[in-house]
Amino acid sequence: MSKIFAHRGCSGTYPENTMIAFRKAVELGVDGIEFDVHLTKDNELVIIHDESIDRTSNGSGLVRNMTLAELRQYDYSAKFAGVYGHNDIPTLREYFELVKDTPIISNIELKTGIHEYPGIEQAVIDMVKAYHLEDRVILSSFNHYTIMRCKAIDPTLKCGFLSESWLVDYGKYTASHGVECCHPVLFNLIPSVVEEMHAAGCEINTYTVNEEADILRLAALGVDGLIGNYPERMIKLLR
Ligand code: G3P
Ligand code: MG
């Protein structure tokens, strides 16, 4: 049975990557939550999708140029402004406080595609260990060097290579680097690709699965995890 992951929390119905979106996912009983991390100017791990706060907050600027206190001056309700009150930018610590006593798998996406944030891999792993969540995390990134750095720090932590490309031998490539999971965009998952990944021994977690037809097709293909903005829809269709 495919696992259900809430993408940026329940981001279809609540402000993405905020504590309310994560709390709703926990209440729904999802298998996992996916979210994105960046590093602030004062080295705090914060949860937000973009490098800048412009799209999802009422402020402006790059996360890496601002301290947590500066980032906390703004509301991160994005398109839900005024609907659910004020929403802060969460820290990774606050998120872990929410899920630490639940069975939820945390898919932490390290957003190092544009800024590398030196030290972010060690900081994330230190926090995972501080909360004893080693068995309930998947570290993923589009920057595969980031994942190799995570593996060098602790090869036992489950990791995933993200890609939006039609990579040849994606499964073999992933497994040959000692990485457990392929995290492809959903459009690339035709039966032969799913077969290749599974034959290589990889787990497949795909994004962003929102439409009913995609949810049903990918579950029928035996894809291990579906990451989507409407986990409530996936639960209704698959459970
Ligand atoms: O981790 C899956 C997915 O979140 C990757 O794309 O841009 O939504 O972070 P993006
Ligand atoms: Mg993401």
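Just so you know, ligand 1 is whichever comes first in the structure, and atom 1 is the first atom listed for that ligand. Position 1 is the first residue of the sequence; numbering continues from there. As the structure is a prediction and not an experimental result, all values here were calculated from the model.
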Could you walk me through whether Glu70 and Lys41 pass the salt bridge (charged side-chain N to carboxylate O under 4.0 Å, His left out) test, one step at a time?
CA-CA 10 Å; Glu70 285 165 345; Lys41 188 178 174 185; 5.2 Å; no

For the pair Glu44 and Arg72, find out whether any cationic side-chain nitrogen is under 4.0 Å from an anionic carboxylate oxygen.
no

Taken by chain and residue number, the protein N/O/S atoms under 2.8 Å from the Mg ion (ligand 2) read Glu34 OE2, Asp36 OD1, Glu109 OE1

Assess the pair His183 and Phe5: is the distance between their ring centroids shorter than 6.0 Å?
no

Any carboxylate oxygen within less than 4.0 angstrom of a Lys/Arg side-chain nitrogen, looking at Glu116 and Arg64?
no

Return the orientation label for the His144 and Phe161 ring planes: parallel under 30°, perpendicular over 60°, tilted otherwise.
parallel

Any non-hydrogen side-chain atom of Lys158 less than 4.5 Å from a side-chain atom of Ile105?
no

Residue pair Cys159 / Glu180: nearest heavy atoms and the distance that separates them:
N-OE1, 3.0 Å

Specify whether Tyr14 and Tyr84 have parallel, tilted or perpendicular ring planes, treating 30° as the upper limit for parallel and 60° as the lower limit for perpendicular.
tilted

Note every protein N or O atom lying under 3.5 Å from an N or O atom of ligand 1, pairing the names and giving the distance.
residue, atom, partner, partner atom, Å
ligand 1, 1 (O), Glu34, OE2, 2.7
ligand 1, 1 (O), Glu109, OE1, 3.1
ligand 1, 4 (O), His7, NE2, 2.8
ligand 1, 4 (O), Glu34, OE2, 2.7
ligand 1, 4 (O), Glu109, OE1, 3.2
ligand 1, 7 (O), His49, NE2, 2.7
ligand 1, 8 (O), His7, NE2, 2.9
ligand 1, 8 (O), Arg8, NH2, 2.8
ligand 1, 9 (O), Asp36, OD1, 3.2
ligand 1, 9 (O), His49, NE2, 3.1
ligand 1, 9 (O), Glu109, OE1, 2.8
ligand 1, 9 (O), Lys111, NZ, 2.8

Regarding Glu16 and Arg55, does a basic nitrogen lie under 4.0 Å from an acidic carboxylate oxygen?
yes

